[in-house]
Number of protein chains: 2
Amino acid sequence: MSSLHDTPRGIPEVTVARLPGYLRALTTLADAGQESVSSESLAATSGVSPSMLRKDLSHLGSYGVRGVGYETSRLIAEISAALGLTRDWPVAIVGMGNLGRALAAYQGFAVRGFQVIALLDGDAEVVGTRIAGLDVQPMADLPALVTRSGLAIGVIATPPSAAQQCCDALVAAGVRSILNFAPTVLAVPPGVIVRKVDLATELQILAFHSHAQAHAAHAEVKGA
Amino acid sequence: MSSLHDTPRGIPEVTVARLPGYLRALTTLADAGQESVSSESLAATSGVSPSMLRKDLSHLGSYGVRGVGYETSRLIAEISAALGLTRDWPVAIVGMGNLGRALAAYQGFAVRGFQVIALLDGDAEVVGTRIAGLDVQPMADLPALVTRSGLAIGVIATPPSAAQQCCDALVAAGVRSILNFAPTVLAVPPGVIVRKVDLATELQILAFHSHAQAHAAHAEVKGA
DNA sequence: CACACTTTGTGAAAGCCTTCACAAGCGCGT
DNA sequence: ACGCGCTTGTGAAGGCTTTCACAAAGTGTG
């Protein structure tokens with residue numbers, strides 16, 4: 001039943017990665033007044049196949065009613081509980097360069113349940129300046145943030161050269177979940193989760209497809 | 001040999017997604033003066049297994065030398081060629097809200113080969129203002145950008161409510177590759193590639209792991 | 001020149017994930 | 001109360017991806 005790719009509670013990693021999408025679709029439906037939804041319609045809204053949605057949800061439990069569908073509010077509650085969104089998650093952003101400042105100012109972090117409680121930087125020049133309503137703190141403040149504020153999620157927005165060092169500091173302070181915007185592979189001890197977001201990578205993948213398509217179109221013209 | 005998950009040239013999608021990582025690792029090694037690299041060492045730098053790296057590279061061709069390894073500069077050239085990075089890719093950002101402005105200002109887009117050539121917004125109030133050295137243009141300019149500047153990649157940074165509409169406009173103008181920052185599932189005709197970047201989703205996945213870990217630690221204390 | 005050492009390229013095997021197909025179960029109308 | 005229609009939950013099958021293990025091939029040395 002459980003395998004190497006399963007998370008501690010037996011939910012496959014790929015399923016966990018899709019749950020936020022279902023949650024967003026459900027919230028939209030609930031706001032529109034829909035009290036019940038079928039796997040077919042929720043799957044369409046989420047951009048997945050109905051059987052995949054049902055298989056994913058089956059890992060959480062049996063919260064649907066055969067012949068009817070899923071109660072919107074119930075499913076929202078269950079997925080929220082599974083993801084751990086019933087509590088608040090304090091977030092700290094490390095690295096106040098171009099990207100870090102953009103992230104600090106970006107309202108997108110103010111999603112329900114997440115709150116940026118601290119901004120940090122290794123440069124003494126930057127420490128003490130005020131960004132997006134918060135005073136930038138030195139890296140040395142990390143342990144106190146973890147113990148006093150329950151900091152559990154760190155966002156790395158430093159240049160690649162400083163990323164590993166900042167990552168190590170976060171891990172040493174007790175942070176176990178890291179979102180890495182720096183274009184580097186981070187080495188972390190087991191038990192620490194790193195997710196990576198990289199614009200350059202995304203653009204290059206898109207370039208591949210544009211390139212391939214241009215090639216195909218060219219070949220077609222030549223061949224026809 | 002080729003399958004549903006293969007791209008036009010028979011390279012699996014998962015492989016394409018990893019090529020940018022190899023490219024970055026190789027560039028770092030080349031800058032450090034390394035002229036040759038083994039699959040074991042390149043794999044370690046890229047954060048993958050040696051056999052996966054070799055299988056991925058084998059889809060591009062046989063560019064290694066048995067008993068020696070890969071010539072750094074040669075492999076950089078081959079991967080760049082496969083990804084289509086030998087030419088320049090003009091990029092347009094649609095939606096000049098908080099996120100769009102941050103992306104326009106963010107130097108991270110100025111990766112080799114990608115250049116933001118236009119900023120667009122549907123709001124007449126915003127059109128004409130100057131952001132990061134570019135004048136914001138109306139959506140109606142899209143077709144001209146595609147034909148005159150060869151625009152091929154569009155970045156959507158609008159609120160979710162406007163995302164589909166902007167996506168349709170991009171597709172109608174001839175853009176075939178879209179990077180979507182809006183938390184919405186975009187419907188596109190076949191042949192158009194969409195990749196999604198969503199901070200809220202990433203944070204929720206991290207929350208799941210923190211949550212699971214806190215749970216496990218709690219259970220352990222209770223059990224012991 | 002032959003041999004030993006190293007590392008690639010690749011079939012085959014194993015493991016995941018997705019899709020399929022259908023029994024089980026629920027509500028509703030009669 | 002009973003049957004009909006609809007939708008979920010889930011084994012089984014199929015398809016991808018990753019890992020394994022080794023033959024093929026190149027380098028360097030005596």
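Protein chains get the first letters and strands the later ones, always in sequence-line order, with residue 1 at the start of each. Just the heavy atoms: all of them, side chains too, but no hydrogens, waters or symmetry mates, feed the values below.
- Atom-to-atom, NE2 of His59(B) to C1' of dT10(C) comes out at 10 Å; the value is rounded to the nearest Å.
- Side-chain contact between Leu142(A) and Leu151(A) is present, with heavy atoms from C-beta onward closer than 4.5 Å.
- His5(B) has its NE2 atom 8 Å from the C1' atom of dT18(C), to the nearest Å.
- Taking 4.0 angstrom as the limit, Ser49(A) places a side-chain polar atom (N or O) nearer than this to OP1 or OP2 of dT19(C).
- A close approach under 4.0 Å does occur between a side-chain nitrogen or oxygen of Arg18(B) and OP1 or OP2 of dT18(D).
- No side-chain donor-acceptor contact under 3.5 Å links Glu13(B) and Thr15(B).
- Computed from coordinates, the Leu75(A) CG to dT7(D) C1' distance equals 14 Å when rounded to whole Å.
- The CG atom of Leu42(B) sits 15 Å away from the C1' atom of dG9(C) (whole-angstrom rounding).
- The shortest distance between the side-chain N/O atoms of Tyr70(A) and the OP1/OP2 oxygens of dG9(D) is below 4.0 Å.
- Among the nucleotides dC17(C), dT27(D), dC20(D), the one closest to the side chain of Val14(A) is dC17(C).
- The number of heavy-atom neighbours closer than 6.0 Å to CD of Glu35(A), taken from other residues, nucleotides and ligands shown, is 12 or below.
- Distance, Met52(A) CE to dG14(D) C1': 16 Å, rounded to whole Å.
- We find that CD of Glu71(A) is positioned 15 Å from C1' of dG27(C), with the value rounded to whole Å.
- Contact check, Ser39(A) against dT8(D): a side-chain N or O comes under 4.0 Å of OP1 or OP2.
- Phosphate proximity of dT7(C) to Tyr63(B): absent, as no side-chain N or O sits under 4.0 Å from OP1 or OP2.
- If you find the closest nucleotide of DNA chain C to Pro12(A) and to Arg54(A), the one lying nearer the 5' end belongs to Pro12(A).
- In terms of polar N and O atoms assigned as donor or acceptor, the side chain of Arg66(A) comes within less than 3.5 Å of the base of dT8(D) in a complementary pairing.
- When the P atom of dC17(C) is taken as reference, atom CD1 of Ile11(A) falls 13 Å away, rounded to whole Å.
- Counting heavy atoms from C-beta on, the side chains of Val155(B) and Phe181(B) come closer than 4.5 Å.
- Look at CD on Glu40(B): it is 16 Å from C1' on dG9(C), rounded to the nearest Å.
- Judged purely by distance below 3.5 Å, without hydrogens or angles, the side chains of Glu71(B) and Ser73(B) pair a donor atom with an acceptor atom.
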